[in-house]
Structures are given as structure tokens and as C-alpha cells.
Amino acid sequence: MSKPLPDAGAVSDREGDLSPALIAARSAGNGQGSLAKLDIPSEAVRALPPEFVRQHRILPLSVQDGTIRIATAEPGNQRMIDDIRLLSGLEVREVEAPASEILEKLAECYQITVEKMIENLNPEAEAAVEGRNLHDIEVMANEPTVINLVNLIISEALRERASDIHLVPFEQSIQLRYRIDGLLQEKPPPPKQLHAALISRVKIMADMNIAERYTPQDGHIQINHRGKRVDIRVGTLPTIYGEGMVLRLLEKNAKVLTAAELGLDPERSREMSRLVEKPHGLFLATGPTGSGKTTTLYSVLQSIYTPEKKIVTIEDPVEYELPGVAQIPVRPSRNFTFANGLRSILRQDPNVIMVGEIRDSETAEIAIRAALTGHQVFSTLHTNDSTGAVTRLLDMGVEAFLISSSLEGVLAQRLVRRICAHCRQEATPPQALRDRLETLGAGRIEGVFYRGRGCEECRGTGYLGRIGIFELLAIGAELRDLILRKSSNAALKAVAQRTMLTMHQDAMQKAAAGVTSLEEVLRVSAGDILE
């Protein structure tokens, strides 16, 4: 018997069909997250085989008075109900719930964690794997224990919103860490005996050479995780204790963010729109690796896209797929570099070009000349601030008159962690933190600030997600003159800061608004204060 949903975001509780815990979750206003808040009794979890519930996407909720209550996204399947009766020996009551919530809760209830699997590893099996280390490394990598452990490590990293997985060997142990919201978090390590097998398993998945262990290698894995396509970039590096490995996780179906979602305030968002909507010229996003530069440029391309414009990108790699945009990956192994690809793109009559990164003088000069011949060109550079983009291009050997004529704007950025909205509270900053910021030149620290207490949603960290801090440099007549004269970065900065909000100032505004914390301001922008 099925009870339909009163709304799409929660499970039905009509006629007493649900457990008291689920009714309590609904009445507490949990809405769409109601299944996530439930504690499923162990007898309900044990009532049906894991393979069966995953296949049919059903979630046992409770067992009471000879009846098992289940949540399903597709109620009324009589064959499934008959199978449940046979498997459990119980009568069946159905409630309807969103499939996404069911799958999320199934992963929690039935999927063993990496930590539990490591705890339960059979020492004899470990020894057997270790003993075959010199005989057949490929056999090791195909051991069920190793396959399951690698799958769990990747799956758990995706559930925790990690951007990278780091596996580093030491003399007596392996270090396993996930990068979450920009910071590495250590996880329970796999046994040292399984190191070679784990590395080899990932290499097999990434179509890499498992026999070569003494030179760096790069590979690529594509998987589906909960209905979403995930690309994994794999890189290995030989160390004195064996190969280290990094897996970078890229969700291909991720939504491209708007300027406001990136963290740009309305005034600078309007200014950036003015700069990027010019019919020609060069616009750069700058910052260190992992600061969200490519995400920003994707947002820009999405904002300026129209069917009348031909937009072509060349990237290493293509991180997200943009509708209506021709995206080209570089292939250095086939001598298809940024410079070679950019030359080919110019023969395709594009209106807008995005170059994933300007790495050398050849790419820089081609991009700038394209900007001078009627193309909108977007790219990224690794610099510490916005004015540093000019000196970086000069260092590459680009002529000053070319930079002065083509460069329209530079957006420098970093990422700071957001305070968790579920446990945010007002907090008085410690005096030591105030003194540190004031010593660095941040000015007097006054007003109300916030911190995250730590809760289940943020896994006790007090932070959930990240947001950008920015400084937007528009190239005006005075700056163009300074560029022509090859002025120093300090001279450029002195002029720019008359009208430009710096990254540190932006970070302080976000801290005062309760978006981030003063600790994050100090961690991310201390260097900018000193400058």
C-alpha cells in the first residue's frame, strides 16, 4: 500500500505509515533532508540484503508488528513487494520519497567506510598479498580486497566533497589525505603492505604503465557516481619509499556559478561585466593553483554567450563542459600545446577565445596579438595580485606596448572557507589574532565577527564550502602609461589601489558580514596585508 508525497521534498507521514522518528524529523522542519536525519534501526537494515535494496532503490525504515516499512521512489511495484515478503517474511508498507534521498541514506546505512574496512582487513590476506609483491603486481592489483578499498577511498572522498586524494608512502606507513575546502585532512591509513597493490590498481583504472615505478606518470579515469559523471586526473611521483599518488576529482556535471555565487559584490560584478563585454582585448584571472581561476572564466563565458558568438577554449584539461562552447584539450604528447592549439583556433574564425593558462612567451604573444586583432581573449596567470600580471608578462618577454594596448582587466583571487551556516555564531576574536592582524597592517579590528561552532553538517570543522575573495583591476589611461614605461609592480599597485578594493579588504568585508572568519582572512591574505 503506497502513501504519496504531500510535496516532493519529504516523505509522507499520512495514516501513521511512518516511524515516529520520521514523523519527528518532518515536524522539526527538516523538509527535503528528512531521510538524512533519520536513525535507521539495525533490525531494519538487516531485514533485507544490501544487493536487493540497492538494486530496487528502497530503504527499510522500521520493522514493527510483523510489518516492514520501506521508502521507495516508485511505489506500487507488486513484484518487488512480493520479493520483500519472501526475503523478510514480513508484510510490507510503502512510503514515497525522493530517489536522491534514498540513495544518500543507503550509502550511509549499507556502505562500509574506508576506516571500517581497514579495521576489518584480514591480516592473513594482507600477508598473502605482500608475499606476492615481487611475483605478479597485476594479480595483486586485482585482489577483491584492493579493488574494494580503492573504490571506497574514491567514493568516500566524493561524499566528503574532496577535490583531491593524496596517497604518500613512508618507511613504515602510508599517509592518506583528502583535500576538503582547500585544506588537507588526514584519514586512517591503509596497511603499508597494500601500498604497491593500491597504486597499481589505480594505474590499471587510469590506463597507466604498472611496471614503470621510477618515473612520473599521468593518467585519467572516468566514473559515474550517484548519477553524476566524475573525471579523475591521476599523477604519480617516485619517492624514496615508493610511488606517491594524487587523484584530482572533477565533477563534469557541476553547475557553472554566477558572479554573485563566486563572491563578487554587485558593484564589482557590474564593472567586470563592462570589461568582459568589450568586443576585443585581453582579460586575465590570476592567483595560485587551486584558487578557482578557471571556474571564474567559465562563469564569464557563460555570461557572455549568445548564439551569435563563436566561443572556443583550449584547456589542460577540460574541467567542465559548457553548452554552446567548443572546448579543446591540449595534448603535449602529440605536440598539441597551448601555442600550437591557439594558432589553429585563430584559423576557425572565433569571436571569443579562452586559453587555459599562459605558461610561456610564445603563448602570451599569440594571445595578445589575437586580442589586438578583434578577438576577446581570456586566460589565467599564476601571480600573487592583479598588478603582478603585468610584470609577469614583461618577464616572459612580451613587449610593453603590446601589453598596454591589449590588456583590459585583471581579476586576482583566492578562496576562503565559508563559515557553516548551520552552526554559525557570533564570536569575539582572540586578542592574539587581533594583534597579529594589526601587526601585519590590517588596521584596528573592531565590530562583530563570527565562527562556526562545529556540527554534523560541517563534520565538526565549523566551515562548509568556499567563496572567492577578489581584487578587480581595470586598466585605465594612467596605468597604460605606466605599463609602457615598464614601471615596477609597486608603482602600478600605488595607482591601482586608489580606486581598487584589494583582496584583503574584500576578505575583511566578508568576515564582518559573517561569511568567513578572521582566522581565514589571516591564513589566506596575510601576504596581501604586508604588501
Side-chain angles (χ1 to χ4, degrees), residues 30-33 36 104 157-164 177-185 248-251 254-269 272 285 287-299 319-320 411-430 433-434 437 442 445 447-472 501-529:
N30 291 324
Q32 295 200 11
E104 189 78 23
L158 289 167
R159 286 204 308 274
E160 294 193 21
R161 303 177 298 104
S163 60
D164 306 274
R177 293 182 293 177
Y178 297 162
R179 189 179 295 280
I180 301 171
D181 291 337
L183 296 183
L184 288 170
Q185 297 185 14
R248 186 178 182 194
L249 312 174
L250 300 169
E251 190 178 300
K255 171 179 170 282
V256 176
L257 303 178
T258 64
E261 290 168 333
L262 290 171
L264 279 165
D265 57 82
E267 182 179 348
R268 285 189 296 173
S269 182
M272 190 167 78
T289 300
S291 59
K293 301 183 296 295
T294 303
T295 301
T296 295
L297 291 187
Y298 281 162
S299 175
E319 295 190 10
Y320 307 111
L411 184 72
Q413 64 185 81
R414 302 278 197 286
L415 293 175
V416 294
R417 291 183 293 172
R418 287 179 180 267
I419 296 173
C420 175
H422 300 89
C423 61
R424 189 182 71 171
Q425 60 186 20
E426 290 186 11
T428 302
L433 177 61
R434 290 171 178 265
L437 285 166
I445 307 299
V448 177
F449 293 94
Y450 300 82
R451 63 181 290 273
R453 185 179 63 255
C455 66
E456 183 181 339
E457 296 292 336
C458 62
R459 299 179 185 271
T461 65
Y463 297 97
L464 188 61
R466 290 188 289 176
I467 192 169
I469 56 172
F470 302 94
E471 61 181 39
L472 178 61
L501 190 71
T502 68
M503 277 189 287
H504 170 66
Q505 290 167 338
D506 188 24
M508 288 298 294
Q509 288 185 3
K510 287 182 167 70
V515 176
T516 191
S517 66
L518 284 179
E519 288 84 356
E520 279 294 283
V521 173
L522 181 62
R523 181 180 71 84
V524 174
S525 68
D528 302 304
I529 308 172

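Under the side-chain contact (heavy atoms from CB on, under 4.5 Å) criterion, Ser291 pairs with Pro288, Lys293, Gln413, sequence neighbours left out. A search for ring-ring contact (aromatic ring centres under 6.0 Å, His included) contacts involving Tyr298 returns Tyr320, not counting sequence neighbours. Taking the side chain to side chain donor-acceptor pair (under 3.5 Å) definition, one finds that Arg418 meets it with nothing, sequence neighbours left out. Applying the side chain to side chain donor-acceptor pair (under 3.5 Å) criterion to Asp181, with sequence neighbours excluded, gives Arg161. Partners of Arg424 under the side-chain contact (heavy atoms from CB on, under 4.5 Å) rule, at least two apart in sequence or in another chain, are Ile419, Tyr450. The side-chain contact (heavy atoms from CB on, under 4.5 Å) test applied to Ala511 returns Phe449, Thr516, Leu518, Val521, not counting sequence neighbours. With sequence neighbours excluded, the residues satisfying side chain to side chain donor-acceptor pair (under 3.5 Å) with Glu261 are Lys255, Thr258. Scored by the salt bridge (Lys or Arg N to Asp or Glu O under 4.0 Å) test, Glu319 finds Arg248 as partners (sequence neighbours excluded). Listed by chain and residue number, His166, Arg177, Arg179 satisfy the side-chain contact (heavy atoms from CB on, under 4.5 Å) test with Leu184 (two or more places apart in sequence, or in another chain).
Counting only residues at least two apart or on different chains, the side-chain hydrogen bond (donor to acceptor under 3.5 Å, both in side chains) pairs with a member in residues 454-467 are Lys37-Glu457, Tyr463-Ser517. The salt bridge (charged side-chain N to carboxylate O under 4.0 Å, His left out) analysis of residues 507-520, with sequence neighbours excluded, yields the pairs Arg417-Glu520, Asp506-Lys510, Glu520-Arg523.
Between the CD atom of Glu160 and the CD1 atom of Ile180 there is a distance of 4.5 Å, given to the nearest 0.5 Å. Taking CG of Leu411 as the reference point, atom CE of Met272 lies at 6.0 Å (rounded to 0.5 Å). From Met503, atom CE reaches atom CE of Met508 across 15.0 Å, with rounding to the nearest 0.5 Å. Rounding to the nearest 0.5 Å gives a distance of 9.5 Å between CD1 of Ile469 and NE2 of His504.
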side-chain contact (heavy atoms from CB on, under 4.5 Å) between Leu415 and Val524, worked out: CA-CA 8 Å; Leu415 293 175; Val524 174; over 6 Å; no
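When all heavy atoms of Leu262 and Ile467 are compared, the closest pair comes out as O-CG1, 3.5 Å. Across all non-hydrogen atoms, the minimal contact from Cys423 to Gly462 is SG-CA, 4.4 Å.
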